[in-house]
Amino acid sequence: MRAMQLFAEPLRAAIAAKFGVEPDAIRLEAPRDDKQGDLALPCFLLAKQLKKAPPALAAELASALAGAVADVTAFATGPYVNFRIARPALARAVFAEIAEQGARYGGSSEGSGRKVVIDFSSPNIAKPMHVGHIRSTILGASLMRIFRHLGYTAVGINHIGDWGAQFGGLVVAIRRWRSEVDLEHDPVRGLLELYQRSKAAVEADPKFREESVAAYRELESGAEGEVRETWRWVTQVSLRGFDATYRRLGIGHDFVRGESFYEQLLEPTVARIQAAGVTEISEGALIVDLTGVDKGLKETPCLLRQTNGTTLYATRDLAALFQRFEEFEFERCLYVVGSEQRLHFRQLKAVLKRMAIEWEPRAEHVDFGLLLGPGRVKLASRKGAVLVLDDLIDEVVEEARRIIGEKNPDLADAASVAEAVGIGALVFNDLKRERIKDVVFDKAEILSFEGETGPYLQYTHARLASILRKAEANGEGGAEPDFAVLEGSGSILMRLARLPDVVRGAAARCEPSEISNYLLALCRELNSWYAENRVLGETPRTTAARVALIRASKSVLGNGLGLLGITPLEAM
RNA sequence: GCGCCCGUAGCUCAGUUGGAUAGAGCAUCCGAUUUCUAAUCGGAUGGUCGGUGGUUCGAGUCCACCCGGGCGCGCCA
């Protein structure tokens, strides 16, 4: 039983009994200002039904409910009945639940036996990951953790861009110029250079173009030989590079399936859609007309096959979607992809609707805003200087190292702490706002470790850890706690009790920022509390109560950080 | 032109199914460290919630229209 429900359930039952309605019809909300109470019942609707003035009804209810539920007091404030849970009882219930569930607190088993497929990160081979990949990667990884915390089987898929005509050009570039670049020490950077040269050569040199078309044709044919071998090598070194970055971020996928994986499924997919009778030929291309599905899609049919017979992006994604449903029978299939691809995913879903596929609502586009460069211009990845993700990580970690040297030069294990702090700053920067918001890439903001940042959360955690260490060393905190001293700590207790609801909401809306904002609020409250309340060296019963609060808070904060992909630190 | 998204303090953002005086961080100014980590805390300054109507006992939140910004719109992915 959740700690809060221990009080809220009987309260709702008592209110419902007064009116002879179902307890589910009674909605208790959290007052905006926690000084007003822990739970509130607005009386507007009931007052209307009973033809009474809301404040009068509130007053009447407050006195009627006095003593109805143990440890809960009721009082009327204007048109509201506010309820306040006695701090000792609240503390006991909340601490017990957190201690009992430990690392599982905030989660549940509601997802047991249910499967969520999450498609995220999805870089292209032959190029290093750059800052443009960071949002999908970090959001997707956090969603994986959130769903797993709720007991779901989360299947992470990395849909690598490893197929397309451009790889014909790359193979030819490698064939011609491999001795001119360094493919030994840093093959991915070498490949990037060749990739860019091949792009230019395809434009400028007809002979090069001819050769690359031939190479791509050979690749598509599936024939073994130099072309396929080269492509395989490119894939391999690229994945090795990605893996190193993922490891640093503590991220992993269950399946790495490039676009090439679905090559064999394209023709059967087209056949399946045709068999459903929803295709037609328009201007020489095979399309699915979507006018009837959605007025907004009338000018934009889904193209399955070009005039020249080859398939397209949408065809590949449909093939992948069908394959995933057959393999996983997912309850939800999430595509963590930028919002500029909204139309694409609307089209995919519209095709499913036209085919009368009942599981169509299970496919969801988890979209996020653009990553913009300085001046709010779109950060172009094609041209010229892209900021390589590993370089950015290095830079942030280096800044963390510098600050540690300044603030805590004696810190043991400074290197690994710097790594965790730097990555924490980077990760939180991407998870702190609603995902649909555009993000202006601002290095100064990422390098700032003050205010609403990952390091702020980690710092709070480290201070809590430090208190617990000292309590342990002093042998303090073991007395019978006097929870009456937590009288002024109600907002923290209520906050701690709320984590399970926050995690569930974050999963329902695929919005890790809800956890971020929860943790920021918790840390603000904890830091304020810390400035006013001393834990160690008080009377044994006071210290015991405060140690219990610190222990529960550290546990909750640690769990929350873990869900975001930020390392909770014991010291920093 | 059509479709979708966004618009809350100088800047970056919170604001759960409509509810009680609209909240943070950054920046600016003032203040706090002989005591549990000052990557912190307290205070001050800062708002016609883009605009106009509408629904409602009640609208930042819902509806309509308008304004501003962005993304997308058949043979790329």
Side-chain angles (χ1 to χ4, degrees), chain A residues 27 29-33 36 40 42 44-45 47-48 53-54 77-80 82 124 161 163-166 259 282-287 294-308 310 312-314 316-317 338-344 346 367 369-370 372 376 378 400 403-404 406-408 411 421 425 432-434 436-440 442 444-445 448-453 455-460 462-471 474 476 501-502 505 508-509 513-514 516-517 520-521 523-524 527-537 546 550 571-572:
Chain A
R27 223 183 68 216
E29 47 188 52
R32 187 171 288 243
D33 183 349
Q36 287 165 322
F44 303 98
L45 285 175
K48 198 171 188 181
T77 313
Y80 293 85
N82 287 313
N124 297 325
W163 206 248
Q166 69 272 27
E259 296 178 306
S282 165
E283 299 170 32
L286 183 71
I287 68 159
D294 183 336
K295 280 179 297 230
L297 292 174
K298 73 176 164 223
E299 305 286 331
T300 53
C302 180
L303 268 77
L304 296 177
R305 214 194 274 287
Q306 308 185 50
T307 313
N308 69 12
T310 59
L312 291 116
Y313 183 43
R316 242 191 302 277
D317 261 3
S339 63
E340 66 270 26
Q341 294 201 34
R342 266 192 139 134
L343 176 60
H344 169 70
R346 267 175 80 196
D367 57 348
L370 268 48
L372 302 170
R376 298 195 72 86
K378 196 171 176 181
I403 292 178
I404 289 169
E406 203 175 88
K407 295 184 186 282
N408 198 353
L411 182 65
V421 169
K432 72 177 171 188
R433 48 203 143 217
E434 216 183 355
I436 197 62
K437 292 274 199 303
D438 289 347
V439 172
V440 176
D442 181 353
E445 195 185 332
S448 159
F449 296 168
E450 289 172 13
E452 297 177 328
T453 65
Y456 172 74
L457 304 180
Q458 289 171 310
Y459 177 71
T460 307
R463 292 218 295 190
L464 301 181
S466 170
I467 294 175
L468 293 179
R469 264 196 311 274
K470 290 188 174 163
N474 300 350
E476 289 189 76
D501 291 336
V502 172
R509 286 176 287 278
S513 69
E514 294 181 10
S516 306
N517 285 312
L520 281 174
C523 286
R524 261 198 302 276
N527 281 312
S528 291
W529 185 91
Y530 177 99
E532 291 168 13
N533 297 278
R534 225 191 128 66
V535 177
L536 304 177
R546 290 181 177 166
I550 296 294
M572 67 184 270

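By convention in this document, chain letters (A, B, ...) are assigned in the order of the sequence lines, proteins followed by strands, and residues within each chain are numbered from 1. Small disclaimer: the values here were computed from a predicted structure and weren't measured.
- Relative to the side chain of A:Pro31, the nucleotides B:U12, B:A20, B:C73 differ in distance, and B:A20 lies closest.
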Next item on the list: Could you run through nucleotides 23-40 of chain B and give me one letter per nucleotide, 5' to 3': B if any protein heavy atom sits under 4.0 Å from the base, S if only the sugar-phosphate is that close, - if neither?
Entry: -BSS--------SBBSBS
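- Note on A:Gln306: a side-chain N or O is less than 4.0 Å away from OP1 or OP2 of B:C76.
- Distances from the side chain of A:Asn517 to the nucleotides B:A77, B:A20, B:A14 place B:A14 closest.
- Spacing between atom CG of A:Leu370 and atom P of B:G69 amounts to 17 Å, rounded to whole angstrom units.
- Per the geometry, CZ belonging to A:Phe44 stands 11 Å off P belonging to B:G58, to the nearest Å.
- In this structure, CD of A:Glu29 is placed 8 Å from P of B:A20, rounded to the nearest angstrom.
- Nearest to the side chain of A:Leu45, among B:C13, B:C57, B:C73, sits B:C57.
- The base of B:A77 is not paired with the side chain of A:Asp317 by any donor and acceptor separated by under 3.5 Å.
- Of the listed nucleotides (B:G74, B:A20, B:C75), B:G74 has the atom at the smallest distance from the side chain of A:Ser282.
- Comparing A:Gly164 and A:Arg433 against RNA chain B, the residue whose closest nucleotide sits nearer the 5' end is A:Arg433.
- We find that CG of A:Asp438 is positioned 9 Å from C1' of B:C5, with the value rounded to whole Å.
- In this entry the distance linking NZ of A:Lys437 with P of B:C11 reads 15 Å, nearest Å.
- Atom pair A:Arg316:CZ and B:C75:C1' shows a separation of 13 Å (rounding to whole Å applied).
- Regarding A:Lys432, its NZ atom lies at a distance of 9 Å from the P atom of B:C13, rounded to whole Å.
- Ion pairing between A:Lys432 and A:Glu452 fails under the 4.0 Å rule for side-chain N and carboxylate O.
- With pairs defined as Watson-Crick or G-U wobble and both atom distances under 3.5 Å, the stems of at least three pairs that touch RNA chain B come out as B:1-7 with B:67-73, B:10-13 with B:23-26, B:28-32 with B:40-44, B:50-54 with B:62-66.
- For A:Thr307 against B:C75, a side-chain-to-base donor-acceptor contact under 3.5 Å is present.
- When distances are taken from the side chain of A:Ala40 to each of B:A20, B:C5, B:G72, the shortest belongs to B:A20.
- Candidate nucleotides B:C4, B:C73, B:U56 were compared by shortest atom distance to the side chain of A:Arg342, and B:C4 ranks first.
- Between A:Ile287 and A:Gly78, the one whose closest nucleotide on RNA chain B sits nearer the 5' end is A:Gly78.
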